[in-house]
Number of protein chains: 2
Amino acid sequence: MTDELTQLRQRFIERGGQITQSIGIGRVIGQSFAHIYFSPEPQTLDDLTEALQISKGSASMSVRQLEQWGAVRQVWIKGERKDHYQANDDFGRIIRRALLDLIGRRMETTDTLLEDSEAYIKRSKTSSPDPESKFMQQRIKKLRHFRDRAQYIWDSSVLRLLLK
Amino acid sequence: MTDELTQLRQRFIERGGQITQSIGIGRVIGQSFAHIYFSPEPQTLDDLTEALQISKGSASMSVRQLEQWGAVRQVWIKGERKDHYQANDDFGRIIRRALLDLIGRRMETTDTLLEDSEAYIKRSKTSSPDPESKFMQQRIKKLRHFRDRAQYIWDSSVLRLLLK
DNA sequence: TAATACGTTCAATATGGATTGAATATTGCG
DNA sequence: CGCAATATTCAATCCATATTGAACGTATTA
C-alpha cells in the first residue's frame, strides 16, 4: 500500500476515535471500526491490539459492541483458530441500531416519574387548588405532551429515514 | 407546596441531571433547567447555587448555555439587581436548537479528510490499480455517499419534524 | 468616584466512566 | 480427556472533562 494511502487510513482511524469519543461512547470503538473498515482482510483481536496499541480487553469489548450494532461480523477462516472480523458498510443500518440502543435505553427509565406525577395530579383534582400546585400541574402536563410526541416521532419517522 | 409535590420536583431535578449527564453535556445543565422549569417564580443564580448545591461558576455557565439554546430567558424584575431567569416550555424548539448546536459542531470538522481522500482517488485513477488501492477507493466512496445522505436527511427532515 | 453587588472567566481540581491486564472461562485439537 | 490457544470478565487504574472558586470584570448606587 502506498504511503499516502497508509496515511489517509491512519487519519480515518484517528478521526473515528475522535467522533465516538465526542459522542461519549469511548475512543476505542471508533478506532476499532475504522481499522476494520479500512482493512481488506478480516482482522483479529490481536491485529487490533497491535494496530491501535490497546489492551486485549479493550479490543474484545469494542468488537463485541460493534457486533451488537451490526457494524462488524465474524467470519471463519479455515485453519485459523482466532476470530476474524470484517466490517459492514451499510451505515444506515449501523447507525439505526446504535441509536435505537443508545436512545432507547434512555427513554425507558424516565417513565415512572411521569406516571407518578400524573397519579398525583389525578388525586389532587379534588382537593383545593393552591396556585403552586396548579403551576406544577401545568408544567407536568406540558412535559408529558412533549414526551408523547417525541416518542411518536421517534417511533414513526426517524428510524425509517435512517434505515434506507 | 405539599410534601409530595416537593418530592416530585426533586425527582425531576435529579432525573434532569441524569439525562444531561448521560448524553455527555454535564449534570448541572439538566438540573438547572429542571429547577427553573419547576419554579413558579423566576430564579437567580444564587437560587441555583443554593437549591442545587453548585458553585457560582457552574450556575453562571449552565444558565448561559441554556439561554443559548433558548431553554431559559432572562426577565427583569423591578427593584432587583440580580438577573432572573424563567423557563421556556416549548421543548421542540429547545431540543432543535441544542441538536443543531451539538451535532452541527461535529459535522463541520470531518470534511477535509474526505476531501483529501477524494483528491487522492482522482489522482490515482491514472496509475496502476493495485488491489489494496482499489479496495480503499471503494470504501472511501461508500463513506462519502453515506455522509452526503446523512447531511441531506439532517438538513431536510429531522429539524422540521422536531420543530413543531 | 468609591463602594458594593453581581456576573464571568479560567487554571486547578474532582469525578465519572473508559481502559487496562491479570485472572478466569471458553474453544479447538490431538 | 488434557493441553494450548484464544476470548472474556471485572476490579483497579487512568484520563478526559465537568466542576469549582478565587480573581477579575462590570454594572449600579449614593
Side-chain angles (χ1 to χ4, degrees), chain A residues 13-33 35-36 42-68 72-85 98 101-102 105-106, chain B residues 13-36 42-69 72-85 98 101-102 105-106:
Chain A
I13 290 170
E14 206 172 316
R15 184 132 283 279
Q18 287 167 355
I19 290 172
T20 50
Q21 173 121 273
S22 82
I23 64 175
I25 57 174
R27 173 180 42 90
V28 172
I29 287 194
Q31 288 180 310
S32 295
F33 179 74
H35 172 82
I36 298 173
Q43 297 294 101
T44 67
L45 294 185
D46 282 343
D47 291 336
L48 284 173
T49 62
E50 196 180 340
L52 308 177
Q53 297 283 66
I54 59 178
S55 72
K56 239 167 163 270
S58 266
S60 174
M61 287 167 122
S62 72
V63 164
R64 186 129 59 86
Q65 182 64 85
L66 289 171
E67 219 178 359
Q68 232 148 21
V72 303
R73 60 176 156 275
Q74 205 174 328
V75 293
W76 286 99
I77 296 191
K78 63 178 180 187
E80 292 270 357
R81 292 180 59 175
K82 295 179 182 178
D83 297 345
H84 291 248
Y85 297 91
D101 184 32
L102 293 171
R105 255 212 271 284
R106 264 138 211 167
Chain B
I13 290 170
E14 205 172 316
R15 184 131 282 279
Q18 287 167 355
I19 290 172
T20 50
Q21 172 120 275
S22 81
I23 64 175
I25 57 174
R27 174 179 40 90
V28 172
I29 287 193
Q31 287 180 312
S32 296
F33 179 73
H35 172 82
I36 298 173
Q43 297 294 102
T44 67
L45 293 186
D46 282 342
D47 291 335
L48 283 173
T49 62
E50 195 180 341
L52 307 177
Q53 297 282 67
I54 59 178
S55 72
K56 227 158 174 276
S58 267
S60 174
M61 288 166 122
S62 72
V63 164
R64 185 130 59 85
Q65 183 63 89
L66 288 171
E67 218 177 1
Q68 233 149 18
W69 292 337
V72 303
R73 60 177 155 274
Q74 206 174 328
V75 294
W76 286 98
I77 296 192
K78 64 179 179 186
E80 293 270 355
R81 290 179 61 175
K82 297 178 181 179
D83 297 345
H84 291 246
Y85 298 91
D101 184 34
L102 293 171
R105 255 212 271 284
R106 262 138 211 168

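Chain letters run A, B, ... following the sequence lines, proteins first and then strands; every chain starts at 1. Reckoned from all heavy atoms, side chains included, excluding hydrogens, waters and symmetry mates. Owing to the predicted nature of the structure, the values given are computational and were not obtained by experimental measurement.
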Q | A/His84 vs B/Arg81, nearer the 5' end of DNA chain D by closest nucleotide | A | A/His84
**Q.** Nearest-Å distance for atom pair CG/C1', residues B/Leu45 and D/dT20
**A.** 15 Å
**Q.** Distance in angstrom units between B/Lys56 NZ and D/dC24 C1', rounded
**A.** 12 Å
Q) To the nearest Å, how far apart are A/Gln53 CD and C/dG21 P? A) 11 Å
Q: Would you kindly check whether a donor in the side chain of B/Lys82 faces an acceptor in the base of C/dG7, or vice versa, at under 3.5 angstrom?
A: no
Q) Under 4.0 Å between a side-chain N/O of B/Ser55 and OP1 or OP2 of D/dT20, yes or no? A) yes
Q. Just how far, in rounded Å, is P of C/dT19 from CD of A/Gln31?
A. 8 Å
Q. A/His35 and A/Ala51: which non-hydrogen atoms are nearest, and at how many Å?
A. CE1-CB, 3.4 Å
Q) Around A/Gln18, counting heavy atoms of other residues, nucleotides and ligands shown, do more than 12 lie under 6.0 Å from its CD? A) yes
Q: May I ask you to verify if any side-chain N or O of B/Ser60 is less than 4.0 angstrom from the OP1 or OP2 atom of C/dT8?
A: yes
Q) Within this structure, what is the CG-to-P distance between A/Asp47 and D/dT6, rounded to whole angstrom? A) 12 Å
Q) Atom OH of A/Tyr85 and atom P of D/dA7: how far apart are they, to the nearest Å? A) 7 Å
Q. For DNA chain C, whose closest nucleotide is more 5', that of A/Gly79 or that of A/Gly26?
A. A/Gly26
Q) What is the nucleic acid contact for A/Ile25, judged by heavy atoms within less than 4.0 Å: base, sugar-phosphate only, or nothing? A) nothing
Q) The side chain of B/Met61 lies closest to which of these nucleotides: D/dT17, D/dT20, D/dA7? A) D/dT20
Q: Search all heavy atoms of A/Ile13 against all heavy atoms of A/Leu52 and return the closest pair with its distance.
A: CG2-CD2, 3.7 Å
Q: Flag yes if more than 12 heavy atoms outside A/Gln74 fall under 6.0 Å of its CD atom; otherwise flag no.
A: yes
Q: Nearest whole angstrom, please: distance from the C1' of D/dT17 to the CD1 of A/Ile23.
A: 16 Å
Q.
Return whichever of A/Gln21 or A/Asp83 has its heavy-atom-nearest nucleotide of DNA chain D closer to the 5' end.
A. A/Asp83
Q. Any idea which of C/dT19, C/dG7, D/dA7 is nearest the A/Ser58 side chain?
A. C/dT19
Q: Compare side-chain N and O positions of B/Arg27 against OP1 and OP2 of D/dT19 and report whether any pair is under 4.0 Å apart.
A: yes
Q: Please report the shortest heavy-atom distance between A/Thr20 and A/Gly30, naming the atom on each side.
A: OG1-N, 3.1 Å
Q: In whole angstrom, give the distance that lies between atom CD1 of A/Ile54 and atom P of D/dC15.
A: 15 Å
